Amino acid sequence: MNDYDLMAELLLPRIDKTPDYYENLYPKRSIPEGARVTRIAPSPTGYLHLGTLFAALVNRITATASRGIFYTRIEDTDKKREIEGGIEDIIDGLNRFGIAIDEGFISGQEEKGEYGPYRQSRRAEIYGAYAKELIRKGLAYPCFCTEEELEEVRSRQEAEKLRTGYYGKFAKHRDISYNEAKALADSGKPFVVRLKSPGREQNKIIFDDVIKGKIEMPENDEDFVLLKSDGIPTYHFAHAVDDHLMGTTHVLRGDEWISSVPKHIQLFKILGFKPVRYGHIAPIMKLDGGAKRKISKRKDPEAAVRFFAEQGYDSESVINYLMTIAASDFEDWRRANPCESYKKFKFNLKKMSVSGALFDENKLIDVSKNTVSRMSGEEVYGKLTEWAHEFDKEFYVLLTRDPEYTKAVVSIDRDAAKPRKDIAKWNEAKDYFSYFYNELYTPSSEYPDNVSKDDVIKFLEEYKAVYDPADDRQVWFDKIKQIAPGLNFAAESKEYKANPQNYKGQAGDLSTVLRIAVTGRRNTPDLCSIMKVLGKEEVFRRIDSAVKSI
Ligand code: GLU
């Protein structure tokens with residue numbers, strides 16, 4: 001055994017497998033030429049946030065477009081920051097948004113696939129094997145520096161206006177001998193394992209980011225940590241080992257990682273891994289007091305994906321909206337293909353914005369209205385009741401009391417060629433549909449100014465005498481027009497416009513009276529349909545009580 005072998009045994013005595021073992025255990029994926037294997041690798045240190053959902057979407061559609069694979073890996077190496085239920089929230093959230101997961105964690109508890117475990121805390125031995133091999137080759141070494149020592153070096157570097165970090169002459173243990181290491185380890189001093197970086201700052205590396213294009217950066221010369229003192233890998237090391245063994249072809253991740261690329265490229269090379277392609281996704285931004293800034297988990301409620309669920313934005317709306325951020329050509333495609341699933345869109349990473357796109361809730365509302373307008377009544381019923389079940393129990397009870405009635409309510413004006421676009425999210429539905437449920441209905445007696453109280457009463461009573469729920473829209477309005485002249489209202493708006501002085505108003509004013517009497521509102525979807533759904537008995541009851549309360 002040479003000194004490096006002895007060092008490897010000293011530092012990682014319990015690791016008894018070599019990288020070869022894992023290379024055989026996880027053979028290359030047999031996927032078609034050009035198929036992309038992508039992933040998201042969230043840390044369960046918080047709930048699913050918009051940035052993660054966005055990255056998942058971009059990775060998913062990239063895999064789909066190439067008939068590849070999209071998988072999830074849980075990066076839970078920071079046990080101190082982990083939150084209870086974090087994995088569930090993230091994975092269930094992706095499921096809820098229809099981001100299909102081919103492999104890895106497919107729910108909070110279940111993982112599937114041949115390349116697992118898909119949770120880093122269960123892969124310690126794998127990282128150990130690769131680290132041990134690097135130590136054996138003299139490419140990694142133990143560092144026994146304490147926090148205080150490192151802090152002291154940093155202060156010195158800052159004082160001398162030098163780049164901070166563990167590199168070059170500041171890399172105290174870079175050439176530590178086996179005997180020195182043994183003495184320190186035997187005395188119980190904790191150590192980390194660092195990479196012996198062969199890089200030089202003066203050298204440049206160039207890489208072709210699949211989103212941002214060519215990027216030039218200085219080579220890494222830092223002896224960064226591979227394994228922490230508890231044997232847990234750093235993100236850098238785990239990323240290289242995992243993405244290699246799991247056969248990732250494209251790492252599409254937040255652009256906060258761009259500065260780490262030199263480290264990652266170096267690691268892949270030293271470990272003898274085929275490099276992956278990187279693509280760095282610009283963050284979603286927000287306007288704050290006129291300035292653009294990254295959406296913040298701490299400051300912005302919309303950073304948590306749960307916000308959208310609570311508000312009742314349909315998952316499809318949010319995804320359609322995120323697609324408009326992901327691809328500059330998506331909106332044109334959507335206009336040409338209003339009814340297709342976004343999954344049919346040919347996504348191209350090159351069309352992604354390289355600087356952060358602005359989160360625009362008005363745009364989301366707009367996209368949502370369009371998305372909801374394309375849904376069938378049956379679909380709206382299903383989604384609305386599902387939302388209400390979780391977020392508005394009282395409304396849920398009303399909605400499900402008579403499912404056929406509610407389905408009729410939500411179907412009004414829906415199957416028309418130009419369906420109404422007025423609901424963006426389910427939390428607006430209660431107010432929007434309130435007059436269909438007596439518990440929520442608030443009558444109004446704010447009639448148009450040009451219709452006297454007397455005329456309101458006369459009109460409503462005459463109307464009752466002729467109303468027939470079987471009438472279609474045309475007949476329904478014709479009956480109002482027939483009553484109009486007797487009250488000195490013009491039947492046709494043309495007549496009224498020609499000689500306004502001759503009339504108190506026009507038939508449209510009278511239909512407004514009816515609308516207010518029946519729904520308590522001036523604006524609603526098609527009143528004829530509303531009255532059919534409410535039923536003659538309820539319509540008459542409301543008309544009678546409107547007449548009484550005048
Ligand atoms: N665990 C890292 C994060 O949550 C993953 C970054 C990556 O995708 O490689 O930011």
Side-chain angles (χ1 to χ4, degrees), residues 36-63 68-83 86-91 93-94 99 101-105 111 115 117-124 127 207 209-212 215 224-226 228 232-268 271 273 275-284 294-298 303-305 326 349 352 356:
R36 294 174 171 185
V37 180
T38 64
R39 89 299 187 270
I40 57 155
S43 303
T45 52
Y47 296 109
L48 178 63
H49 68 101
L50 199 58
T52 308
L53 177 62
F54 186 52
L57 173 65
V58 170
N59 276 284
R60 171 71 266 177
I61 54 185
T62 300
I69 287 164
F70 166 68
Y71 74 91
T72 58
R73 176 172 74 232
I74 305 296
E75 302 209 332
D76 60 342
T77 53
D78 190 349
K79 288 289 168 197
K80 282 201 287 296
R81 290 180 51 225
E82 190 164 325
I83 60 157
I87 299 180
E88 281 80 358
D89 192 73
I90 294 169
I91 304 297
L94 296 180
I99 307 283
I101 303 168
D102 300 321
E103 191 181 304
F105 268 76
E111 41 180 314
Y115 293 84
Y118 292 90
R119 184 183 187 141
Q120 291 183 330
S121 58
R122 306 240 174 94
R123 300 173 62 82
Y127 308 121
F207 76 99
D209 189 288
V210 282
I211 296 170
K212 301 205 185 227
I215 299 181
F224 60 91
V225 175
L226 304 177
K228 296 181 244 180
I232 302 287
T234 54
Y235 165 69
H236 306 305
F237 190 48
H239 150 53
V241 172
D242 290 347
D243 280 311
H244 164 66
L245 290 179
M246 296 180 180
T248 310
T249 62
H250 287 65
V251 170
L252 311 172
R253 60 185 174 187
D255 70 3
E256 68 273 21
W257 293 110
I258 223 163
S259 58
S260 302
V261 171
K263 288 191 174 90
H264 299 162
I265 288 183
Q266 188 173 57
L267 262 181
F268 271 76
L271 287 160
F273 298 162
V276 289
R277 296 295 305 273
Y278 289 100
H280 290 90
I281 304 172
I284 299 177
K294 239 171 119 158
I295 281 201
S296 141
K297 283 189 237 179
R298 266 180 312 110
V305 165
L349 283 165
M352 276 195 85

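What's counted below: heavy atoms across the whole structure, side chains too, no hydrogens, waters or symmetry copies. Ligands are counted one by one from 1 in listed order, and the atoms in each one are counted from 1 as well. The structure displayed is predicted, hence computed values, not measured ones.
- Side chains of Tyr115 and Tyr71 form no contact here, defined as non-hydrogen atoms less than 4.5 Å apart.
- The ring of Phe224 has its center no closer than 6.0 angstrom to the ring center of His264.
- Around ligand 1, the residues contributing at least one heavy atom under 4.0 Å from the ligand are Arg39, Ala41, Ser43, Glu75, Tyr235, Arg253, Trp257.
- Side chains of His280 and Arg253 form a contact here, defined as non-hydrogen atoms less than 4.5 Å apart.
- Between atom OG1 of residue Thr72 and atom CG of residue Asp102 there is a gap of 9.5 Å, rounded to the nearest 0.5 Å.
- Within the 4.5 Å cutoff, the side chain of Arg39 has no heavy atoms near those of the Ile69 side chain.
- Of the candidates Arg73, Arg122, Arg119, Glu111 forms a salt bridge (Lys or Arg N to Asp or Glu O under 4.0 Å) with just one, namely Arg122.
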